*Asks:* 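To start, I am sharing the structure in question, which I have written as structure tokens.
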Amino acid sequence: MPELAEVEYYRRLADTALGREITKVSAPDPWFLKAGLTARALRTAVVGRSFTATRRIGKLLLLDTSGDGPVVGLRFGMTGVLLVDGGRGVDELLYSSMRDEPAWDRVTFHFAGGGDLRVRDPRRLGGVLFDPDEARLGVDAQALTLADLRAALAKSRAPLKARLMDQARVAGVGNLAADELLWRAGLDPAREAGSLDAAEVRKLHRTLLRTFEDLLSGGGSHTGRLQAHRVPGGRCPRDGAELIRRTIGGRTTWSCPDHQR
DNA sequence: ATTGTGGCCTGCCCGC
DNA sequence: TGCGGGCAGGCCACAA
């Protein structure tokens, strides 16, 4: 599913759509337009403008528009794909279909000259929003400092994994990345977030930055070393112990009972 | 405020 | 071969 790495690929792809005049907008699915946005309002606000910059905070892709136009926020849920001029932002997306099915195009910005930028989302868990409240999101995981992480975990009695996935604290950590980085850091996802000592927080911080670097350079969230083993009967690639499956923070969680403490 | 739970969405996979 | 049930998880509403 699109986590930080995939949305970063989408952002880079969206860069190729900058500076092109938007001539038409197709938004056939009202459900996909969030926070009261309508197809009419979307059209009125962006037709005649162009995208001027792409930004990303966690899993939220932000497209600035020219003049005094709105910031267009794109969310991809777990199955959303970005396409520009028919080309995809990613080649593989776990849990989503890669079928070429135009009926799944939930919003399309058509450009002068014939190209377009579209969000294709079979499951409709993503969405489009105007001027999203960027302050609601925590620091992007890729830019997270040790002090940020310390502050995000301090005094919390919530499970470590749930805290890491709280987008208001740290933006961009999804379920797969959370399992991967806690496995690498040797930390039990169910630990109380506030129970980590200083050395553990430092290690988690180093591991977090390194993990996102690896997932990004490796080609996406599905390229983690734990990924292939997150299945019934799967064994820890580090020590061979049978992985355990739990629900933590409402999410399916795989971890090693031996080295994750 | 913090933490936990349930529901939304629907393609896909499994077992019968 | 078709069918039905369960599953996946990002996000949000809501409860305690």
Side-chain angles (χ1 to χ4, degrees), chain A residues 1-8 10 27-37 56-62 73-82 89-90 92-107 119-129 132-138 140-141 151-182 189-195 215 220-222 224 226-234 243 245-255:
Chain A
M1 74 294 313
E3 294 195 12
L4 184 151
E6 282 75 19
V7 179
E8 176 59 20
Y10 295 170
D29 183 359
W31 161 265
F32 210 72
L33 305 179
K34 304 301 182 184
L37 184 60
R56 180 189 60 74
I57 306 176
K59 306 165 195 170
L60 175 66
L61 178 61
L62 299 162
L74 299 180
R75 291 197 177 281
F76 297 92
M78 73 179 281
T79 58
V81 178
L82 186 76
V90 297
E92 184 177 345
L93 196 59
L94 219 53
Y95 305 123
S96 185
S97 171
M98 288 290 107
R99 265 168 56 199
D100 188 23
E101 183 53 76
W104 295 336
D105 292 346
R106 308 301 176 187
V107 65
V119 177
R120 178 172 291 176
D121 184 2
R123 299 266 290 279
R124 305 167 78 211
L125 284 165
V128 182
L129 52 167
D133 182 0
E134 301 177 27
R136 281 183 53 197
L137 291 170
D140 184 77
L153 303 182
K155 299 192 184 83
S156 171
R157 305 196 61 181
L160 176 56
K161 177 175 174 178
R163 198 71 167 183
L164 287 172
M165 290 182 64
D166 180 347
Q167 302 298 304
R169 310 270 172 188
V170 179
V173 181
N175 197 43
L176 298 182
D179 278 5
E180 174 76 19
L181 73 94
L182 289 170
R191 281 266 299 274
E192 279 189 12
S195 75
L215 295 177
S221 300
H222 62 284
L226 182 65
Q227 181 54 46
H229 309 276
R230 293 174 86 262
V231 291
L243 297 173
R245 178 191 191 276
R246 291 174 287 179
T247 298
I248 297 173
R251 290 290 156 248
T252 301
T253 300
W254 294 86
S255 63

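Labels below follow one simple rule: chain letters A, B, ... track the order of the sequence lines, proteins then strands, and each chain is numbered from 1. This one's a predicted model, so the numbers in the text were calculated from it and none came from an experiment. Below, each value reflects all heavy atoms present in this structure, side chains not excepted, and no hydrogens, waters or symmetry copies.
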*Asks:* Just how far, in rounded Å, is P of C/dC11 from CD1 of A/Ile57?
*Replies:*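 So the CD1-P distance, A/Ile57 to C/dC11, works out to 13 Å.
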*Asks:* Looking at every strand, decide which applies to A/Gly77 at a 4.0 Å heavy-atom threshold: base, sugar-phosphate, or nothing.
*Replies:*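 Sugar-phosphate, no base atom in range.
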*Asks:* Could you give the CG-to-C1' distance, from A/Leu137 to C/dC11, as a whole number of Å?
*Replies:*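 The answer, rounded to whole Å, is 11 Å.
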*Asks:* How many Å lie between CG on A/Asp166 and C1' on B/dT2, as a whole number?
*Replies:*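 Answer to the nearest Å: 10 Å.
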*Asks:* I want to check one thing: is the phosphate of C/dG10, taken as OP1 and OP2, less than 4.0 Å away from some side-chain N or O of A/Arg124?
*Replies:*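 Looking at the OP1 and OP2 atoms of C/dG10, neither is under 4.0 Å from any side-chain N or O of A/Arg124.
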*Asks:* Given C/dC12, C/dA8, B/dT2, which nucleotide is nearest the side-chain atoms of A/Arg169?
*Replies:*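 Selected nucleotide: B/dT2.
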*Asks:* Could you state the CZ-C1' distance from A/Arg106 to B/dG11, rounded to the nearest angstrom?
*Replies:*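 Nearest whole value for this atom pair: 11 Å.
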*Asks:* Within the 4.0 Å heavy-atom criterion, would you say A/Arg120 contacts the bases, only the backbone, or no part of the nucleic acid?
*Replies:*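 Result for A/Arg120 = nothing.
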*Asks:* Please round to the nearest 0.5 Å and tell me the distance separating atom CG of A/Leu74 and atom CZ of A/Phe32.
*Replies:*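 Answer rounded to 0.5 Å: 8.0 Å.
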*Asks:* Whole Å only: how far is the CD atom of A/Glu101 from the P atom of B/dC12?
*Replies:*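 Going from CD in A/Glu101 over to P in B/dC12 covers 10 Å.
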*Asks:* Holding to ring pair (Phe, Tyr, Trp, His ring centres under 6.0 Å), I want the full list of residues that pass it with A/Phe76, two or more places apart in sequence or in another chain.
*Replies:*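 A/Tyr10.
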*Asks:* Could you please name the option among C/dC12, B/dG7, C/dA8 that lies closest to any side-chain atom of A/Arg251?
*Replies:*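 Per side-chain heavy atoms of A/Arg251, the pick is B/dG7.
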*Asks:* With respect to the phosphate group of B/dG11, does any side-chain polar atom (N or O) of A/Trp104 fall under 4.0 Å of OP1 or OP2?
*Replies:*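 Indeed, a polar side-chain atom of A/Trp104 lies that close.
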*Asks:* Can you tell me how far CZ of A/Arg56 sits from CG of A/Leu137, rounded to the nearest 0.5 angstrom?
*Replies:*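 Result: 11.0 Å between the selected atoms.
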*Asks:* Between B/dG11, C/dC11, C/dA8, which nucleotide has the shortest distance from any of its atoms to the side chain of A/Arg75?
*Replies:*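 Nucleotide nearest to A/Arg75's side chain: C/dC11.
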*Asks:* C/dC11 P sits how many Å from A/Arg123 CZ, rounded?
*Replies:*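 A/Arg123 atom CZ is separated from C/dC11 atom P by 14 Å.
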*Asks:* Please evaluate residues A/Val119 and A/Leu82 with respect to the criterion side-chain contact (heavy atoms from CB on, under 4.5 Å), reporting the C-alpha separation (whole Å), side-chain torsions for both, the decisive distance (0.1 Å), and the verdict.
*Replies:* CA-CA 5 Å; A/Val119 177; A/Leu82 186 76; 4.2 Å; yes
*Asks:* Measure the spacing between CD of A/Glu6 and CG of A/Leu215 and express it to the nearest 0.5 Å.
*Replies:*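 That separation rounds to 8.0 Å.
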*Asks:* Look up atom CZ in A/Arg251 and atom CG in A/Asn175, then write down how far apart they are to the nearest 0.5 Å.
*Replies:*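 Between A/Arg251 CZ and A/Asn175 CG, I get 6.5 Å after rounding to 0.5 Å.
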*Asks:* Could you state the atom-to-atom distance from CD of A/Glu192 to C1' of B/dG4 in whole Å?
*Replies:*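 Those two atoms, CD and C1', are 14 Å apart.
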*Asks:* Could you list by number each residue of residues 155-165 of chain A showing a heavy-atom separation from DNA chain C of less than 4.0 Å, or answer none if no residue does?
*Replies:*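 Result for residues 155-165 of chain A: A/Met165, sorted by number.
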*Asks:* Specify the separation, in whole Å, of atom CZ of A/Phe32 and atom P of B/dC9.
*Replies:*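 A/Phe32 atom CZ is separated from B/dC9 atom P by 14 Å.
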*Asks:* Go through C/dG10, B/dC8, B/dG11 for me and flag the one nearest to the A/Trp31 side chain.
*Replies:*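 For the A/Trp31 side chain, the nearest candidate turns out to be B/dC8.
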*Asks:* In chain order, what residues pass the side-chain hydrogen bond (donor to acceptor under 3.5 Å, both in side chains) check against A/Thr252, with sequence neighbours excluded?
*Replies:*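 Here no residue qualifies.
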